[in-house]
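Take a look at the structure set out below.
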Protein chains: 2
Amino acid sequence: MGSQPIEIRRVRIEDPFWKSKQELIRNEVIPYQWEVLNDRVPEAEPSYCMHNFRAAAKIVEQAREAKETGKVFEAPKYTYRGFQALPEDPRNPKDDEFYGFLFQDSDFAKWIEAVGYSLATHPDPELEKTADEAIDLVCRAQTEDGYLDTYYIINGMDKVFSNLRDHHELYCLGHLIEGAVAYFQGTGKDKLLRAAMRFADYVEARFGTEEGKIHGYPGHEIAEMALLRLSEVTGEARYAKLAQYFIDQRGQAPLYFDMEHPQAPGEPYKVDYYHQAHVPVREQSEAVGHAVRAVYLYSGMADLARRTGDAALLAACRNLWRSIVSEKMYITGGIGATHMGEAFSFPFDLPNDTAYAETCASIGLVFFARRMLQIEARREYADVMELALYNGILSGIALDGKSFFYVNPLEVLPEACRLDERKMHVRPVRQKWFGCACCPPNLARLVASIGTYAYTENEETLFVHLYMGSSLRKNGREISVESSLPGSGRVVVRVGACDGGAASVAESDRAEAASGREDACGAARPLVLALRIPSWCEDKYEVLFQVQGERVSGLGEVRDGYLYVTVPNQETVIELLFEMRAKFVVADRKVTEDLGKAAVVRGPVVYCAEEADNGRGLGELYVDTEYEPEVTGESAFAKEECADFLDVRGWRIVPEEKGAGFAGGLYRTWSGARREACVIRMIPYRLWANRGEGAMRVYLNRG
Amino acid sequence: MGSQPIEIRRVRIEDPFWKSKQELIRNEVIPYQWEVLNDRVPEAEPSYCMHNFRAAAKIVEQAREAKETGKVFEAPKYTYRGFQALPEDPRNPKDDEFYGFLFQDSDFAKWIEAVGYSLATHPDPELEKTADEAIDLVCRAQTEDGYLDTYYIINGMDKVFSNLRDHHELYCLGHLIEGAVAYFQGTGKDKLLRAAMRFADYVEARFGTEEGKIHGYPGHEIAEMALLRLSEVTGEARYAKLAQYFIDQRGQAPLYFDMEHPQAPGEPYKVDYYHQAHVPVREQSEAVGHAVRAVYLYSGMADLARRTGDAALLAACRNLWRSIVSEKMYITGGIGATHMGEAFSFPFDLPNDTAYAETCASIGLVFFARRMLQIEARREYADVMELALYNGILSGIALDGKSFFYVNPLEVLPEACRLDERKMHVRPVRQKWFGCACCPPNLARLVASIGTYAYTENEETLFVHLYMGSSLRKNGREISVESSLPGSGRVVVRVGACDGGAASVAESDRAEAASGREDACGAARPLVLALRIPSWCEDKYEVLFQVQGERVSGLGEVRDGYLYVTVPNQETVIELLFEMRAKFVVADRKVTEDLGKAAVVRGPVVYCAEEADNGRGLGELYVDTEYEPEVTGESAFAKEECADFLDVRGWRIVPEEKGAGFAGGLYRTWSGARREACVIRMIPYRLWANRGEGAMRVYLNRG
């Protein structure tokens, strides 16, 4: 049966928690990002993103002019200038050279995507003007035949698609599509969408199993899901076909990347695994390789499986999901246990201090989860989505929206990040911006479109996967959700009577009408709400139904962790009270790193202990699992929603130092230890490192 | 005052433990190594070591011939062919090309050094013949002016000494000297010694602070201590002066390696730290960089400080020693906590599972320790030397002498070594041989010369640093030591009466006489024994003196952990009974990796738990520190001395699996745990991985 994410313009987010995050994106990240794209932020590495579009546009215009005037145009001959090209004189970049990472175009695409989502619900004429001008420039950089990747336009198009494994052209295509669709959905303007379609057409003409076409596929996946989305938005089946080709062709023998790079069989990480291209995707059952690439691929696979009903593909998606969540996911929703290849490690290998757990990977996991939810509304997918959002993703951005984590470790000792080369990928405080700026814009596009993860729908059912204060219309009914999450577990869903078109809903009403879904109110189309019962409440919850102000019972039934309520035609209120006690959670005993340890969670929120509250030596702390952790009611950060400290009873083990020294001074005969009772103060993990540099641990020793 | 290591020919090792190790070296390692040097071991990577000497000898002979006949000789022009050069067709190496690592010459030097020591105490005409022939070949490869590094002789001598940082010429010189001296001391033959002197003279002429000379120093240290030894053996002060130049010049501004490699400021590890060349050596107080290089340098520094009485240099040696043993040494005597640069990590960073702890580094630590002992007989140095020997060094060689560890981790999960790229340097079982074969021959030369670490001496005092069954003569007295270590703590030292020249001592007698030390027996030169009281006995020991069969008392006094006994002129027996209880030892609380854990030691022997005895899940085991571990009397390996199992009472924590699942299946609400009492069976660490592949841990959780 399946469901679609709700169109972004139809949801209004009113939630204190999520609204503030969206405002952070709108007020801080998007404007800052635009400055970065234009190399106007002195403390950030220059992006050269818009510079490259200008340089490419010049070449494209010269070519056109030459053609029009019959002159000869000397196209640049391809020269490789490194994965990241920098100007010889950084103060004086040449205006006809490509700079930055070879996938730098995608920075614009990610920005325009966030802008599109933001404009969808928060009109901003000035921002829209800036965006339109940027789009004009980008479109000027597109070649006459539709190609649009400035790296090759500037460096020489004779080598396009010659290094699919490493050179990210199809990645840039994918992001361009995502950005163009978002901007179209947010503003109704299709200039960029048409440019993206032309680039997709260019690719479509060159790739395929047919003789004479390129039999390759993206080195960094994303085009798969992007093309499927483009197909849905435009109604053009050829884009879905191209996505299907990329998915089906991947990992077919002989392996394309090995043929493309015959000289590199012994590279540092296993290349084909790294790219999820070691076997055909339907035969993949273990999540391997670069974690972001992996979940982007799986997202595309899930989209395709939903579209085609391909049972083998769906089975692979389920297996890969299971591989991640049963064997390879941190309790924060982080994935990618090793920074070597930013990759999944082997099952149950989840080191806390050398974790990669890239923000982007958790975001990709949310993409994958929502797509699985669209196929089958099973709460596990939404549980994981919610977990990643409240923990391993929001940890990626500072409270002021101005600095970011790529890597989200579960245990940090700041000196190790500076001195231990195995941990140098871990940062003890968030960074201003990155040359390879994937995580901040990825965060921006996710948070700006959060409503499309909270809700999916089909003809009659609205699935509520995430609870957040918001309102929307469906099937002629005004629906509003009030949520106290993640602070506490109370949710109230109000559905207006069928004939109750209040003034306040005029806007979303129009949006629904515009999308062609709205019937006359009187037609009384049925409405089913599917309300998720989060697994963290351990099925301890109450539901109260009121119809027309009267208590009723027996309205709903639970399937796969969702409470399905067929909403009566009158005004209906559903109040959900989920038990949300703080508790200790332990990892499977196969996770050796976490043996003897426990994490503290409350609802979907994972907590951590910081040096700021507990001093040094977090490894000496033991939680007393006999006592339930206490919500203090005291907020760690005045302006942040749901940031209360949690106090955990425990003790610190302090070894006696009476024993004789052993071999030189670092060791000592065991002579017992004192147990000093203490209260361990914890904060939500997403908020760590907002008070300067210090040690942090998610897992504490278990008493 | 200081002391000298005893000459190797004067000590006869009769100890069941050490004798069996020496036999392993003599019967297995030395012959095998010779086969490897000649590329006759199919399962080992070819060495090309003797091949290179043959190729170089050909060039040198051609040059000589050309000179003699007045013909033109075209010397090869230098071409860089990589750090490790391999033949295009491995079955058919060209006989005029250099192959293998560019320091491959040193493999011969290490082999001849072990051979020299072995012949010193175990004559073997056949081996000596092989060695003499090898030496003939090596000497034929020496150029007329004394240069002797086949890498440049073959690849082009126009570039000698142009890459001191990476190209190991001075490292090869150092090993050549060590080998030549050992062979001279073992056999009295000086052909190789003279070749080494000529090479040293060549270097001496080229290096120095003077205008026109090279102001550099070794990239991989060893020449420093080797040249000082050469100076002592030959009496030529110029070699000591060259060593002093290398030591003094190191780290002087401007940094030589930075000038040599101006293009490489941003290399993966901090280059100058890696080479201990970041500041002048007297300003170094923290042990940093490549661990083997570091301790080789410190050994040379200690030799020089002893020779010159340089107080600043001695202070630096003491500081560096302190830095190692108080902050950077594993309980096994392993050093080098990170495989990134095979280097020291920051203070107290001693991860168990990603440890490098190279066998060679522990061997170098023994070199350093003995040199510090020569300066000042403080037991700490000997404690560490003994610790490294019985644990992190002997763990490097399998019981059958046929396979070896480079890396000596304190915790292993075999699948991680295969699947986790951060642990791929760790091997769960010993390997046959290595292309970069430093550890096996280093083990061979150390074990073959173990007597020179057990004993140092000065005019009147014999220092006994390590106890092992052995006999020697000094000052007209026959001394024999009987030791039950490492099995138990009983040591008996017998000193014959001054006039008691027994038949059995004839040989060492001759050796002493040969060395010019022997007075007429009647002259009654004084003899003091300095007997180490190991710190592991926590100063719980008994001493019994017998003179002429009669109990006496008050013969000795203890200073700095040594019992000084002025031996009466009659037959004297000293019996030492050191308490040697198994006990739990903990690391300083700053070592976060070991918090909440304990190691088990007995005497100088560190124990470990293996999967073979305890099943999977070693991380779930807790030792009960209330009970003393029990020596079982049951040997883990029938043929190995002192290999008894130790049984430790404890329990296994098995979490209940009643708690609700959390977010997808890998996590679960804590619902308590069962404590299953068990006996944890442990074996000496040095013996791990002799029963196939399995998990291993040194540190266990502490109950």
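Naming convention: chains lettered A, B, ... in sequence-line order (proteins, then strands); numbering from 1 in each chain. Here the structure is a predicted model, which is why all the values come from computation and not from measurement.
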If I measure from the heavy atoms of chain B, does [X] come under 4.5 Å with its side chain, its backbone, both, or neither?
X        : result
A/Leu350 : side chain
A/Glu411 : neither
A/Glu657 : side chain
A/Asp539 : neither
A/Lys590 : neither
A/Asp420 : both
A/Ser345 : side chain
A/Leu387 : side chain
A/Ser671 : neither
A/Ala416 : both
A/Lys540 : neither
A/Pro351 : side chain

Greatest number of heavy atom pairs closer than 4.5 Å to chain A - which of B/Thr625, B/Thr592, B/Asp594: B/Thr625
What residue, out of B/Glu626, B/Arg589, B/Arg422, has the most heavy-atom pairs lying under 4.5 Å from chain A? B/Arg422
Check whether the ring centres of B/Trp321 and B/Phe368 lie less than 6.0 Å apart, and answer yes or no.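 Yes, they do, as the ring centres are separated by less than 6.0 Å.
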CZ/B/Arg322: more than 12 non-hydrogen atoms of other groups inside 6.0 Å: yes
Please report the closest heavy-atom contact between B/Ser362 and B/Gly334, naming both atoms and the distance.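 It is OG-CA, 3.4 Å.
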Using every non-hydrogen atom in the two residues, find where A/Arg702 and B/Trp670 come nearest and quote the distance to one decimal.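 Closest pair (atom of A/Arg702, atom of B/Trp670, distance): NE-CH2, 3.2 Å.
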Lys/Arg-Asp/Glu bridge criterion (N-O < 4.0 Å) met for A/Glu628, A/Arg581: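 Answer for the salt bridge query: yes.
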Run the salt-bridge test on B/Asp353 and B/Lys423 with the 4.0 Å N-O cut-off and return the result as yes or no.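 The answer is yes: the pair qualifies as a salt bridge.
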Per the salt bridge (charged side-chain N to carboxylate O under 4.0 Å, His left out) rule, which among B/Arg674, B/Arg652, B/Arg697 passes with B/Glu620?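 Going through the options one by one, the only one that passes is B/Arg652.
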Picking from A/Val601, A/Leu413, A/Asp383, which has the most non-hydrogen pairs under 4.5 angstrom with chain B?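 Counting heavy-atom pairs under 4.5 Å, the top option is A/Val601.
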A side-chain contact here means heavy atoms from C-beta on lying under 4.5 Å apart; do B/Leu700 and B/Tyr622 qualify? no
